[in-house]
Colleague: 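Could you have a look at this structure, given as structure tokens, before my questions?
Just so we're on the same page: letters track the sequence lines, and every chain starts at 1. Small disclaimer: the values here were computed from a predicted structure and weren't measured.
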There are 2 protein chains.
Amino acid sequence: MAEYTYNKVSAELVEEFRKIVPGKVYVGEEINQDFFHDEMPIYGQGQPEVVIDATTTEDIAAIVKLCYEHNIPVIPRGAGTGLTGAAVALHGGVMLNMAKMNKILEYDYENFVVRVEPGVLLNDLAEDTQKQGLLYPPDPGEKFATIGGNVSTNAGGMRAVKYGCTRDYVRAMTVVLPTGEIVKLGATVSKTSTGYSLLNLMVGSEGTLGIITELTLKLIPAPKETISLIIPYENLEDCIATVPKFFMNHLQPQALEFMEKEIVLASERYIGKSVFPKELEGTEIGAYLLVTFDGDSMEALEEITERAAEVVLEAGALDVLVADTPAKKKDAWAARGSFLEAIEAETKLLDECDVVVPVNQIAPYLNYVNSVGEKYDFSVKSFGHAGDGNLHIYACSNDLDEETFKKQVEEFMQDIYRKAAELGGQISGEHGIGFGKMEFLYEFAGDVNMRLMKGIKEVFDPKMILNPNKICYKL
Amino acid sequence: MAEYTYNKVSAELVEEFRKIVPGKVYVGEEINQDFFHDEMPIYGQGQPEVVIDATTTEDIAAIVKLCYEHNIPVIPRGAGTGLTGAAVALHGGVMLNMAKMNKILEYDYENFVVRVEPGVLLNDLAEDTQKQGLLYPPDPGEKFATIGGNVSTNAGGMRAVKYGCTRDYVRAMTVVLPTGEIVKLGATVSKTSTGYSLLNLMVGSEGTLGIITELTLKLIPAPKETISLIIPYENLEDCIATVPKFFMNHLQPQALEFMEKEIVLASERYIGKSVFPKELEGTEIGAYLLVTFDGDSMEALEEITERAAEVVLEAGALDVLVADTPAKKKDAWAARGSFLEAIEAETKLLDECDVVVPVNQIAPYLNYVNSVGEKYDFSVKSFGHAGDGNLHIYACSNDLDEETFKKQVEEFMQDIYRKAAELGGQISGEHGIGFGKMEFLYEFAGDVNMRLMKGIKEVFDPKMILNPNKICYKL
């Protein structure tokens, strides 16, 4: 088996970098500690030897070529909002701060695409496309992630149920390979059968196969109106059982989220506002669906809302609350949008998983998770995307010491990952593998799949310098 | 560079195969000559030494393992409807007749998927899903291709403009690798970020990375109604210029095809029926759009039709003919559906290309193709998917000798592929590369991309036994 060794960045090499990108190279104390971790420091921290603000494809190619020649690890990093330690320099080397390449380059209104640099924030792209009457459909929860990061994790988000994931909106990209070579993948076309889809291989590869330096993204005309519904249920089973009925009845929600009562309460405490009903005519509410429909006229949406109300009430919903004004929609979604922050605000020790299971397995799966959770000393909170089976499950503790917490959580995660696999699901729906989930990927993807992935990694990265110790290349 | 050599299939090995799948092994004269080529014999013919009717994943794995041990080429073949010589045994070996694995295994009505064997014909799947009130959206022109073949070429078809390509409907697959190992890729989920997408790599790999033995395909609830419009224009520019206006006006056609007059005439001669108008109030018609909308009620479709009519008439359409009865829709689409047969019926020598260009480049591209075509002694006919820029361009001759035709066509194809690349397009929209388009892929994908593809091929297929001399592995 091939062995790979890495060198330290020499002072001479730093000077070479400075010649390529004067004023953009940071070493030692100049490096902000934010660059040592992502949003989940629990999954690994590390200090890059050098941080370089990314500028152009050509500059990046020149820098990477030097790193390739000198066996120096290279770690591309977006906004650092990842949740798996994917963009952390675990073995020193050069970190490329891709967030600095943040220009929206060009709209093509006839082919419905936009060319962007990878460091554009999702939030900025969303606002800018809206001004053009266009929509970039992927809508991951974290609005201040970079688009490059979204592509690298195939980020999903709220609207995946109707519009699909980031993968479905990547038409083309420019990539600097770990060798320093530049390739262009894909084209401004929606159909292609032109050799292996290297484009689709890059999507979701978490900065391990190449450095994305430009993206061409598909847009759609923005739907003119939206309407949201809060639908309370007595319990989670009734709530989840409704989900397929939306599709069977030709109702295509833009977003279809479920939430259990406990997390709603935490979120309402956090935002300081009560939005969701807690009981109805004496019946205690146990779970909710939060649904958004989009369309081109309020009349059409009202008709859809009526049909949806009939369907869900017949399926056991206790009520249907319509949020049809901007203020009401904002309140409903503010509660949903604050789940993670609400959990973080109330919790000292936190770990999470991001499994995805078939939609009709959500309820049995969560019941299993909750019952297993009772064996442990931490509490379990969960919410997720009912329309696509992607669940976010949090283990939270304020009392345990870190070591005990980690030990308990590892056992818990093993158990619930195994159950997700057993029910036909996968390890991660949208956060990725990074460093934090590698052990679980190795366990559940199987030896042959891991061998294929590592082989592919070696084809792209013969010296294994790009973002080492992530996904399929364990050090 | 690694060198790969292949052995001939020995009589002993044939006996081994017979032990695995008794009565399913054919040699020599027992092999029907249909297995020597696909629908375009011009792209290569070859005789497999052995043809084996595929039965189960496990049997295929056992057969492939033997081939791997003995360095015998293995060629999976569906219905033989390919157009690039992808499923042809160019170097002897064992051909697996996947068309024999043709069972629809199971519908999952809650998760909207169907499990199928790869040899199910598109036509059979379409009919069967319809009975369930469901739709498998991909709709390639050739209805008697296998689903496995469709996945292997990422087949596109008429409805790609609204629903996407085959890739977008593949949730999971079982694959026998060239080593004889069995892997499962993907899951019944619409969202995943669980390592490199081997699933997406398999889609469009034309039987060179693994043998697909089972597929889980996404379905959608069938739209209840459709309506078709025939929209005549004075010329192709006006016709194509309308296309983006559909999307800008939130009109989402299920199909959006363009056609020039000459091919409509050929097709009407072939089906023996005049469907499309040829002139209007003294103005000669030069091109048409054929558009289908789908929806849940005729009222909704009538409203869409009205809006569409306004948009296209303002954009220069001469008229809008509504096909709202089954008979009228059938006639309109029968003319479209017979283009290839009509061309074949009138033509002795034929070659084709399947480029895809950005939608707003269709008209300039076709004008270029037609003007270049005039330099040659063959005639050029074209039609295609206006909504997605995928064009089918035919070089047709009844007078040239084969050698002259081939020489002229090669020069012509070089020229028009170069132009497609220049306009931001790609070599193939939906037919694939196979053997016939390899030279063009090498020329236009670039050395680095080809090196990556070949590297990936070697990872999956260390002895390069699976479908050799296709896509990225040239012999």
Colleague: Just so I understand: if I count every heavy-atom pair under 4.5 Å between each of D296(B), V355(B), D354(B) and chain A, which residue has the most?
Modeller: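 Heavy-atom pairs under 4.5 Å are most numerous for D296(B).
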Colleague: V113(A) versus chain B, heavy atoms under 4.5 Å apart: side chain, backbone, both or neither?
Modeller: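 Neither part.
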Colleague: Is the NZ atom of K162(B) crowded by more than 12 outside heavy atoms at less than 6.0 Å?
Modeller: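 It does: K162(B) NZ has more than 12 such atoms within range.
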Colleague: Under 4.0 Å between a Lys/Arg side-chain N and an Asp/Glu carboxylate O for E181(B) and R451(A)?
Modeller: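 Salt bridge flag = yes for R451(A) with E181(B).
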Colleague: Between the main-chain N or O of S197(A) and the side-chain N or O of N200(B), is there a donor-acceptor pair closer than 3.5 Å?
Modeller: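 Judged by distance alone, no pair lies under 3.5 Å.
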Colleague: Has the side chain of N111(A) got a donor or acceptor atom that lies under 3.5 Å from a matching backbone atom of V359(B)?
Modeller: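 Between the backbone of V359(B) and the side chain of N111(A) there is a qualifying donor-acceptor contact (under 3.5 Å).
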Colleague: Side chains of S193(A) and E430(B) only: does a donor on one sit below 3.5 Å from an acceptor on the other?
Modeller: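 On atom types as modelled, these side chains do not qualify, holding no pair under 3.5 Å.
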Colleague: What part of L198(A) lies closer than 4.5 angstrom to a heavy atom of chain B: side chain, backbone, both or neither?
Modeller: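 Only the side chain of L198(A) comes within 4.5 Å of chain B.
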Colleague: Got a donor-acceptor contact below 3.5 angstrom from the K437(A) side chain to the T194(B) backbone?
Modeller: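 No; judged by distance alone, with no hydrogens or angles, the pair does not exist.
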Colleague: Can you confirm whether K65(B) is buried at NZ, in the sense that more than 12 heavy atoms of other residues, nucleotides or ligands lie under 6.0 Å from that atom?
Modeller: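 Check fails, neighbour count at 12 or below.
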Colleague: Counting heavy-atom pairs closer than 4.5 Å to chain B, which one of I427(A), T188(A), L452(A), V448(A) comes out on top?
Modeller: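 The option with the most such pairs is L452(A).
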Colleague: Check whether any side-chain N or O of D388(A) sits under 3.5 Å from a backbone N or O of V189(B) as a donor-acceptor pair, and report yes or no.
Modeller: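 Here the side-chain-to-backbone pair does not exist.
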